[in-house]
Asker: 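Before I ask anything, let me first share the structure, which is written out below as C-alpha cells.
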Amino acid sequence: MVAAMLVRSALPSVRRGPQRDAGRPRGAAIRRRAPALLGAALALLLGCSGATQAPAARPARVVKTPPAQPKAPEGPPLLPAQVVAELEDEDATPYFARRGDEALLLYAAGGRWRTRVIGADGAPRGDVVDAGPAAADVPVAALRAGPQGYIAAWIEQAGGSRAVRALALDPAGKPVAPASLVAQTAEEITWLDVLPNAKGALVLWEMPREDRVDVVMTVLSQDKGAAIKPTAPASVAREVLGWNAVATERGAAVALALPPAAPPPRAQGKAARKADAEDAADAAKLGSISLVEIDAAGKLSAPVAVSPEPTAQIDLEIAEVGGRYLLTWTDERDIDSAVYLAAIEPGGKVAVAPRQATPPSGEQALVSLVAPPAGSGGRALLAWEDVLRPRGGDGGAEAGGAGRLIHLASVGPDGALGAERAALVFSASGPPDLTADGDGFAAVTLAPATLKAARDAAAAPPIWPTFVRFGPDLTVRAAEPVRAAPFAATGGVPYLVRGLSCHKGACATLASAAAGAGAQQGGAAKAAGAGKAAGAAGARAPLALVSLPVRESAWRAPAFREDRDPPPRATAVRALAEGDPLAKVAAAELDGGAALAAWVTYFVEGASDGAPRGQDLSATLAVRAASPGGLGKLNVLSQKASSLGGVAVAAAPPAPADPKGKGGAAQGESVIAWVARERGETQVYVTKVDATGAKIAQKKLTTAPRKKPGAAASEASDVAIAYDGAGGFIVAWVDTRDGNAEVYAARVDRALNRTAPDRRITNAPLDAAEVQIAVRGQEAWLVWSDARPGGGEAAGAGAAGGEATGDVFFARLDAKTLQRIGDEARLHASPEHSRSPVLAPHEGGVLVGWVDEPASDGAAAGGGAAAGGGGAAGGRARLVRLDNSGAMQGPPLTIEGPDGASVSSIALACDKACRGVLASAPGDSVALSAFTLSPGEAAAPPLKPLAWLTGGASRDVSPALAGRSGASLFFADDAVSGSGRVRWMTIAWP
C-alpha cells in the first residue's frame, strides 16, 4: 500500500518526511485511543498502485469501510452520484484535480493512463482519453491544475531503477506531448508532488537516507502547446527530518525540520535521569524549523530560522493564508507535546514567533492544516488531537458513537485561533479528509452511522464513511453517510472514499466499490461511457463521484460545536513534572487562585539502579506551585521518601502580627507531611514551604524505634494533615510500632514544634490503612479503612482466620488534645473491600467517599495508591453524608463507573454543592469522569467524561482536588514513553 496524492485545491500543501517510530502521541499512542471493538479493520488505509510501502508519516485521506457491519438503518435517501470509471484493481489510486468549474480524473487501466473531464455538476464530459503508457509499478503520482491545463507526475519502478516522469495535459485531458523523463536513479524515491505557479510548475521529490531524507526538485517549463521541459534535478535540502511544501503564485515555500546540531536541552520540570538508548533515539528525531522559498525559475532563498530550538516533531504543515505562510507542528519544548504555530512574511520575515496554538490540554498531536481557497482571503482550518480528552461522542450528544475526537478551529494570518471550536469523530487512525468549502470547511470521516430518531441504543451502529459540511463558525451545516446507488450491492456504502474537493459551495468525493461487488455497478459504468477504458475483462471496481449536498438529514452528525459543550468539562491540562512513576499526589489551595501540588514517586527497594554508589536513595518527594499566571519552580524536597508513606499538604493563612508590632507572614505557608526512609527505617516528617514551594523549615515528627530483635521493622505510612484553624496542624498516619497497623495522630504549631504527643487513635485486632483528616471547628474528623471483624460476611471471615477485607470507619477528635470524642463508627458494613476513603467538609457536615471492590481482588491491594492497584473488576464508589454531629444522613449512594467500568479512586470537594472526580478503567486505560451532588440529593449523580489518560488500567492516578471549589485537579498519569507525569487540570463546573 502507498499513499495516494490527493488534491484539495489548485495550490496544494503536502506533508513529507521519513517514517518514524517515536514514543510520542502521534502514531501508536493516538491509535490506542480508538475503541478496541473497531480493531484493525478501522485503520486508515492508503490507496495502492504498486508494491512499495510509502512512509507512514504521510498518510493520505483515504477511508476504507470495515467489511463486517451491523445491520444498516433503513429509510434515508441516497446521495447523488455519477459513475465516472471502472478500476481494474479495487485499491488502485485515481487522481482528481479541479480547474475552475471543471475537473479532471486520471487513472491507470490496461497499462495506459486514462483521463476524463468532469463537469461542474459532477457528470462526465465526453469520452475517456488515452493519455499514454502507464508503467506496471507506479507507487506515487500527482495531478495538479496548471496555467495551461493540468500537469501529472509520477514515480516509476522497473527492476532496480526509479524514474520520475511528467506529462502535460490540455484542459480536455489530452496529452500535449509524450511524457518527459525528469530524473532517473538507482536510489529509492519515496514521494513526489507537483507545485504549480503562474509560469509553470515545480516537481519536488524525496530520497530517503536512513532516518532522514534529501529533498530534490526540478522546474517544469512549457511553451503554449509544447512538451514539458524539465531542468536538471537540483537539491533543495539534504538529510532533513521532514518537510512540507506549499505552491504559490511566485513558486513555492518549503518548510523543513532540520536535525539538531547537539542534543536538545531538558525542559524545566523533567527529572534528571540517565538517558537510555530509546531516549537518545527519540531526541534525535526532534529538530528545528526553517523555511526556504523557491521562485518560478528554481532559485532558492537563504533559509529562515523559524523555530531554532530542536524540539519539533516532523509532522510540520504549511499553508498560505492572507499573504503569509502559516507553519504548524507538534512541539516538545515543554513536558507535554503541544501544537505550535508561526507566521512568516514572503521574503522571510518572521511576523509571528512560534507559540502554542491552543490552550494546554496534556499531550497534543497535530492532525492537519487546511488552507482556504487560493485568493479567497479566508481563514485556514487547524485540526489537532488531545490524548487526554474524552473519546468521540462523549463530548456532545449529537456526535453519537465512539472514536477519536479531532478538534477543529479556524486560524487567520496572525496565527490566532478563532473562538469557535468543533470536534469531529474519527473511528480510525490517521487523519480524516478535510478541505475548504467556500466560507466554511468540509470533512469525510469514518464514524458510527446512527439516525437521530434511533431508540435502540444497545445496538452497535455500522461504521461508515460520512461527510460533514461546516459553516464559517464551524456549525454543522449538513452531515450524512456517503451512500449512493452505484454501490447498491453493499447497501449503498462504498469500499473506499478519497479525494474530497469543493468548489463554489459544491462538494464531492470519489468513492469506489470492491471489485466484483455487483453487476449493477459495472452496467452503470458502461452506460456512462467508461467501459471502453476499463481494459482487460474481469471483475471491475466502479468509481463514482458522489455529491455531498447541504440538505435536511435524518442522520446524526459525527461532529458538534465543542465550545457549546456544557460543564463540567476540562478547560486546560498541564504537566508539572516528568520522571519516575507516581505513588501519591496531594494538593492544597492557596490565595489568588493558586495551588500547591506535592507528590512522591513509586520506588521499590532493591529494584532501582538509579542511586549512586554509597548513597541511600528511595522515592522522590517534590512540590510545585501552579497558578493562572503559570507554573512555579519545581522543588525537590527529598530523595529519601517512602512510597508507602504517601504525601499530604495543608495550607495555612498568613500569620497575624504579634502584640509587639512585628508583622506576621507576608503570605500563607503550607506544611507537607511525608515519610522518610533512612538506613532502612521510616519516620514521619513535616516540611514547611512558602507559596512557591520553597522549603522554609523541616522537622522529624516521629522518633519511634523501628527495629525489634527477631521481628520485622515497624513502618509508618499513609500520612494525612489538616490546618487546625488555630495556627497549628494535625497530622495523622498509620503505624505498626505496636504490632498491627493502627491510626496515630499528633499536633504541631506553625513552627513545626510538637504541641501534642503521638496519640494512638485505633485499637483493633487487624490493620488500618489510608487515614484522611479534616478539621471542623474544635474537632478533627478522621476516616480510614479498617479490616477489623464484624462488618459483614467477608469481614467476619477475617476473625475466623479467613481473608479480611475492610470497611470505612469514622472518628471525631478534640482538635487540641486529640482525645477521641465518642466511639468510632463503621460507615458501611460490606463483604467488599472498602478502600481509598476521602472526605470533603461543607457547611452542613462532611461528605465521605470511598471505593468498594470485590474482596478477592481488593484484599491484596493493600489499600494504597503506591501499590499500583485499583483496576480490579467490579469496583464502585460510595458516598455518605455526615451531619455536623457526625451522624449519617441516609444510606450510602453508589456510583458505578461509566459503562460498568471498575472504579479505582475518587476525589471530592464541597462548597455550596459537592463536586467529584472519579477514576475508572473502562478497557485498557484510565478515564476521569466528573459529577456534582447537590445538598439533599438522594440519587446517584450522573457522570460526565473529563479525560482519557495514557497510563494503563492497573494504575491508580491518585486524583486530588485543591480547595472547596474543585476548580483544580491534580493527578498522576503515565506518559506514552512510560515515564510518570504529574498533571494539573482546571475544570469548569456548572
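Computed over heavy atoms, backbone and side chain alike; hydrogens, waters and symmetry mates excluded. Along the sequence shown, residues are numbered consecutively beginning with 1.
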Asker: Only distances under 3.5 Å count here; give the side-chain donor-acceptor pairs of residues 930-939 to other protein atoms, sequence neighbours excluded, each with its distance to 0.1 Å.
Answerer:
| from | atom 1 | to | atom 2 | distance (Å) |
| --- | --- | --- | --- | --- |
| Glu937 | OE1 | Ser934 | N | 2.9 |

Asker: So, Arg556 and Thr450: side-chain donor and acceptor under 3.5 Å apart, yes or no?
Answerer: yes
Asker: Which residues pass the side chain to side chain donor-acceptor pair (under 3.5 Å) test with Ser410, not counting sequence neighbours?
Answerer: Arg379
Asker: Between the side chain of Asp336 and the main-chain N/O of Ala575, is any donor-acceptor distance below 3.5 Å?
Answerer: yes
Asker: Can you say whether the rings of His407 and Trp384 are parallel (under 30°), tilted (30 to 60°) or perpendicular (over 60°)?
Answerer: tilted
Asker: Please name all residues satisfying side chain to side chain donor-acceptor pair (under 3.5 Å) with Trp329, sequence neighbours left out, ordered by chain then number.
Answerer: Asp331
Asker: Taking NZ, NE, NH1 and NH2 as the nitrogens, is one of them in Arg477 or Asp439 under 4.0 Å from a carboxylate oxygen of the other?
Answerer: yes
Asker: Tell me which pairs pass salt bridge (charged side-chain N to carboxylate O under 4.0 Å, His left out) where either residue lies in residues 463-475, with sequence neighbours left out.
Answerer: Asp437-Arg469, Asp473-Arg561
Asker: Can a side-chain donor-acceptor contact be found between Glu363 and Thr950 if the only test is distance below 3.5 angstrom?
Answerer: no
Asker: Under the rule for side-chain contact (heavy atoms from CB on, under 4.5 Å), what residues qualify as partners of Ala422, not counting sequence neighbours?
Answerer: Leu408, Phe470, Leu474
Asker: Applying side chain to side chain donor-acceptor pair (under 3.5 Å), can you list everything that pairs with Arg574, at least two apart in sequence or on another chain?
Answerer: none
Asker: Is the shortest side-chain heavy-atom distance between Val497 and Asp433 below 4.5 Å?
Answerer: no
